[in-house]
Amino acid sequence: MWNNITLCSICKFSPSSPSLLFSRSRILHHVFERKYKDLCKQTAQILQNRSGQVAKRTCNMLPSRLVSNKAKYRRYTKTYPVLDGRIPTVYQHVFEENLRNSKAVIQRYSELLEMVSKGGGENAILRHTQRNKKLFVRERLKMLLDDESFLELSPLAGLNLPYGDVPAAGCLTGIGKICGVWCVFMANDATVKGGTIYPIGVKKQLRAQEIAMQNRLLSVYLVDSGGAFLPLQSELFPDKSDGGRVFYNEAIMSAMKIPQVAVVCGSCVAGGAYVPTMAEETVIIDKIGTLFLAGPPLVKAATGEDVSPEDLGGAKLHSKVSGCSDHFASSEKEAYECVRNIISTLNYEPLPEEVIEYDGPLYSSDELLGLAPRGYNYTLPVKLILSRLMDGSRFQEFKADYGTTLVTGFGHVEGHLVGVVASNGELSHDASLKGGHFVQLCSQRSIPILFFQNTAPHAAEPTSISQAEAHTNRLKAQASMMAAVACAAVPKITVVIGGCYGSESYVMCGRSFSPNFLFLWPNARVALVDSRHFFTIPKAEDNDCKEDESELNHLKEKLEEESSAFYSSARLWDDGVILPQNTRKVVAQCLEIINQQKYQVISPCQYPVIRM
């Protein structure tokens with residue numbers, strides 16, 4: 001607070017001099033002093049109230065999280081202009097054609113999800129649950145996670161691969177809440193190929209770890225693995241992004257102060273044994289959890305000795321003798337309760353108990369099915385889509401009349417402020433300059449960016465010097481925007497609502513540009529070029545021309561198959577296919593997940609936890 005000496009030095013006069021200014025300053029001094037004392041009393045009262053609230057914690061919340069009696073409300077400004085989301089009559093036939101296509105692809109999507117949900121099949125599930133006395137992986141997640149919906153990542157991974165179907169890549173990954181904390185989970189499904197790890201399973205786990213590192217999310221491993229599938233060892237062992245990278249990431253994540261907990265809830269053989277032994281805390285379940293580099297059959301083959309799995313690497317051995325496990329659980333239920341208790345020991349800042357008020361869109365999200373383009377020629381203005389995703393259908397557009405083939409601006413998704421970059425046609429020179437400018441604004445203001453991608457299948461080739469110059473200028477502008485997107489130090493979420501083609505897909509934050517999350521609508525197409533806009537060869541009687549035409553048709557068929565959303569998701573080129581009407585919910589969930597890292601206490605020491 002101000003005192004006489006400070007006031008004298010500022011006002012350049014002596015306290016003894018009779019000055020009207022000085023007398024007024026003394027009055028101000030007393031006023032400030034009184035206000036300061038009142039503030040101290042109020043602060044003490046607040047601290048006293050908070051200390052009394054510590055005992056009111058719920059069992060599903062972190063102990064460090066305080067429950068407030070008065071909900072805090074955060075209201076955003078409602079002065080943003082309202083988008084006109086009415087569908088013009090002239091577009092009605094396109095809307096209906098898109099709607100028919102959406103219903104067809106969603107039917108296929110539902111069939112694939114139903115197949116994946118059964119894991120390795122009914123017989124494998126019965127063998128797993130009845131003979132082996134273990135819970136099915138989805139039942140395990142129900143016991144572990146809070147009673148809330150969770151975000152499953154890439155559920156279609158592993159379907160129709162060259163080496164066969166591996167439903168869900170043999171492991172479930174996703175993000176859910178445990179004790180109120182968002183966590184990444186990686187859970188092996190032993191009903192699929194006996195828990196054997198395939199190359200696609202390694203890729204899926206690495207992507208889950210990448211998401212955990214990018215968003216600083218606690219990781220929980222439910223390990224029930226038979227080790228690598230040896231016939232494909234060359235595809236999952238030797239390279240930088242193969243199986244060993246999982247263990248490398250565990251050490252790096254620990255050094256980054258990202259907690260990791262593992263549960264040995266089945267057989268952990270060979271490479272699968274390193275996951276729990278490199279986690280910071282490990283729980284092993286009696287009778288069903290085993291941990292060893294080589295199982296009893298190999299011991300028998302090498303030494304002629306008969307040994308049981310329990311004696312070789314069971315729960316009691318690793319809890320009492322080896323120390324590979326930190327917690328012994330007599331049942332799966334006890335193990336998952338133990339995990340929840342471990343998570344309650346994390347040092348998190350109290351999370352704000354806010355109730356965010358927001359308005360729903362003015363237009364039905366079900367109409368997004370008719371706005372999801374069947375092809376690029378069936379694309380409708382992207383603002384019709386934004387009007388069904390933004391809170392109150394309100395959108396503060398940036399450079400509305402410049403570079404109109406790209407729509408940029410600010411809006412809210414369930415109360416979260418986002419910058420929006422949405423394709424509205426071919427990415428022109430002006431649109432690219434506008435996009436680069438806007439992305440840098442978001443980066444400067446620390447606002448997450450939401451990309452809606454529907455890039456043009458191909459650009460027309462220049463036929464004159466002036467067109468060639470324009471083409472070159474557009475490439476330079478796209479490169480400028482590409483650099484802005486790559487270097488924007490803010491969370492980025494990409495939703496492919498139509499086409500994801502060629503270099504423009506990079507500019508719109510495709511997979512290569514490491515968005516925090518990337519999702520596809522079921523109608524999306526992902527390819528270097530669109531087979532439906534492919535060039536054709538003039539018909540001729542010459543045999544060579546006929547052969548060229550046959551090869552071209554074969555290539556078009558191959559591109560058509562490989563560009564579907566389901567083909568992409570099966571190979572983990574994205575984080576999953578989502579329904580258009582669920583887009584708003586999924587995006588809001590991702591923004592909440594990303595926002596959690598603000599409340600973590602991070603130690604300055606950068607080294608991993610080294611187990612004994």
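Along the sequence shown, residues carry numbers from 1.
Across all their heavy atoms, Ser267 and Thr290 have their closest contact at CA-OG1, 3.4 Å. Of all non-hydrogen atoms in Ser225 and Gly272, the two that sit nearest each other are OG-CA, 4.1 Å. The two atoms that bring Leu236 and Ile197 nearest to each other are CD2-O, 3.3 Å, heavy atoms only. Across all their heavy atoms, Asn516 and Pro491 have their closest contact at OD1-CA, 3.4 Å. In this structure, Asp224 and Gly266 approach most closely via the heavy-atom pair OD1-CA, 3.3 Å. Scanning all heavy atoms of the two residues, the minimum distance from Thr282 to Pro276 falls at OG1-O, 2.6 Å.
Judged by distance alone, the side chain of Ser569 and the main-chain N or O of Ala565 form no donor-acceptor pair under 3.5 Å. Side chain of Glu332 to backbone of Leu135: a donor-acceptor contact under 3.5 angstrom is found. Under a 3.5 Å cut-off, the side chain of Ser568 and the backbone N or O of Trp573 do not form any donor-acceptor pair. Asp286 places no side-chain N or O within 3.5 Å of a backbone atom of Ala329 that could act as its donor or acceptor partner. His412 contributes no side-chain N or O that, together with a main-chain N or O of Tyr358, makes up a donor-acceptor pair within less than 3.5 Å. A donor-acceptor pair under 3.5 Å is absent between the side-chain atoms of Ser443 and the main chain of Ala488, judged by distance alone. A donor-acceptor pair under 3.5 Å links the side-chain atoms of Lys204 to the main chain of Ala168, judged by distance alone. With hydrogens and angles disregarded, a donor-acceptor distance shorter than 3.5 Å links the side chain of Ser110 to the backbone of Ile106.
Atoms CZ and CE, from Phe247 and Met278 in turn, are 8.0 Å apart once rounded to the nearest 0.5 Å. Within the model, atoms CE of Met186 and SG of Cys171 stand 9.0 Å from one another, a figure rounded to the nearest 0.5 Å. Atom CZ of residue Arg525 and atom CG of residue Leu520 lie 11.5 Å apart, to the nearest 0.5 angstrom. Rounding to the nearest 0.5 Å places SG of Cys509 at 5.5 Å from NZ of Lys492. In this structure, CZ on Arg108 lies 9.0 Å from OG on Ser564, to the nearest 0.5 angstrom. Note that OG of Ser241 is 13.0 Å distant from CZ of Arg207, once rounded to the nearest 0.5 Å.
For Glu210 and Arg245, the salt-bridge test fails: no basic side-chain N is under 4.0 Å from an acidic carboxylate O. A salt bridge is absent between Asp574 and Arg511; no separation between the charged side-chain nitrogens and carboxylate oxygens falls under 4.0 Å. Between Lys177 and Asp147 there is no salt bridge, since none of the side-chain N atoms of the basic residue sits less than 4.0 Å from a carboxylate O of the acidic one. Between Asp189 and Arg140 there is no salt bridge, since no side-chain N of the basic residue sits under 4.0 Å from a carboxylate O of the acidic one. Remark: Glu139 engages Lys142 in a salt bridge, criterion side-chain N to carboxylate O under 4.0 Å.
Side chains of Lys287 and Lys133 form no contact here, defined as non-hydrogen atoms less than 4.5 Å apart. Counting heavy atoms from C-beta on, the side chains of Cys268 and Val275 never come closer than 4.5 Å. Leu151 places a side-chain heavy atom less than 4.5 Å from the side chain of Cys590. Between Val490 and Pro448, the closest side-chain pair of non-hydrogen atoms is not below 4.5 Å. Residues Phe513 and Met482 form a side-chain contact, since some pair of their non-hydrogen atoms from C-beta on lies under 4.5 Å apart. Between Tyr221 and Gln209, some side-chain heavy-atom pair lies under the 4.5 Å cut-off. For the pair Gln260/Ser254, a side-chain contact is recorded, criterion being any heavy-atom separation below 4.5 Å from C-beta on. Side-chain contact check for Phe517 versus Ile211: some heavy-atom pair is nearer than 4.5 Å.
Tyr336 does not carry Arg340 over the face of its six-membered ring by the limits of under 6.0 Å from the centre and within 45° of the normal.
Heavy-atom contacts from other residues, nucleotides or ligands closer than 6.0 Å to CD of Glu122 number 12 or fewer. Counting non-hydrogen atoms of neighbouring residues, nucleotides and ligands closer than 6.0 angstrom, the OH atom of Tyr506 reaches no more than 12 such neighbours. The environment of OH in Tyr274 is sparse: at most 12 heavy-atom neighbours from other residues, nucleotides or ligands sit within 6.0 Å. Atom CD of Gln444 is surrounded by 12 or fewer heavy atoms from other residues, nucleotides or ligands within 6.0 Å. Remark: Phe328 CZ is packed, more than 12 non-hydrogen atoms of other residues, nucleotides or ligands lying under 6.0 Å away.
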* Report the C-alpha distance between Phe237 and Asp242 in whole Å, list the side-chain angles of each, state the deciding distance to 0.1 Å, and finish with yes or no for side chain to side chain contact (heavy atoms under 4.5 Å, CB included). => CA-CA 5 Å; Phe237 168 69; Asp242 287 342; 5.6 Å; no

* Report the C-alpha separation of Tyr163 and Phe229 in whole Å, then their side-chain angles, then the decisive distance to 0.1 Å, and conclude whether the ring-ring contact (aromatic ring centres under 6.0 Å, His included) test is met. => CA-CA 11 Å; Tyr163 44 78; Phe229 182 62; 7.8 Å; no

* Start with the C-alpha gap between Val166 and Val192, add the side-chain angles, then the distance that decides, and say whether side chain to side chain contact (heavy atoms under 4.5 Å, CB included) holds. => CA-CA 7 Å; Val166 187; Val192 177; 3.9 Å; yes

* **Test side chain to side chain contact (heavy atoms under 4.5 Å, CB included) applied to Leu206 and Asn249, step by step** => CA-CA 8 Å; Leu206 289 175; Asn249 285 345; 3.5 Å; yes

* Starting from the C-alpha separation in whole Å, work towards a yes-or-no answer on side chain to side chain contact (heavy atoms under 4.5 Å, CB included) for Asn160 and Phe566. => CA-CA 10 Å; Asn160 299 317; Phe566 308 131; over 6 Å; no

* To do: Evaluate the criterion salt bridge (charged side-chain N to carboxylate O under 4.0 Å, His left out) for residue pair Glu235 and Lys203; output intermediate values, then yes/no.
  => CA-CA 11 Å; Glu235 297 180 39; Lys203 188 175 182 181; over 6 Å; no

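Tested against Val418 for a side-chain contact (heavy atoms from CB on, under 4.5 Å), the candidates Leu591, Leu389, Ile449 yield a single pass: Leu591.
Counting only N and O atoms by type, the side chains of Gln596 and Glu592 include no donor and acceptor under 3.5 Å apart. Using a 3.5 Å distance cut-off with no hydrogens or angles, the side chains of Gln453 and Thr494 do not pair a donor with an acceptor.
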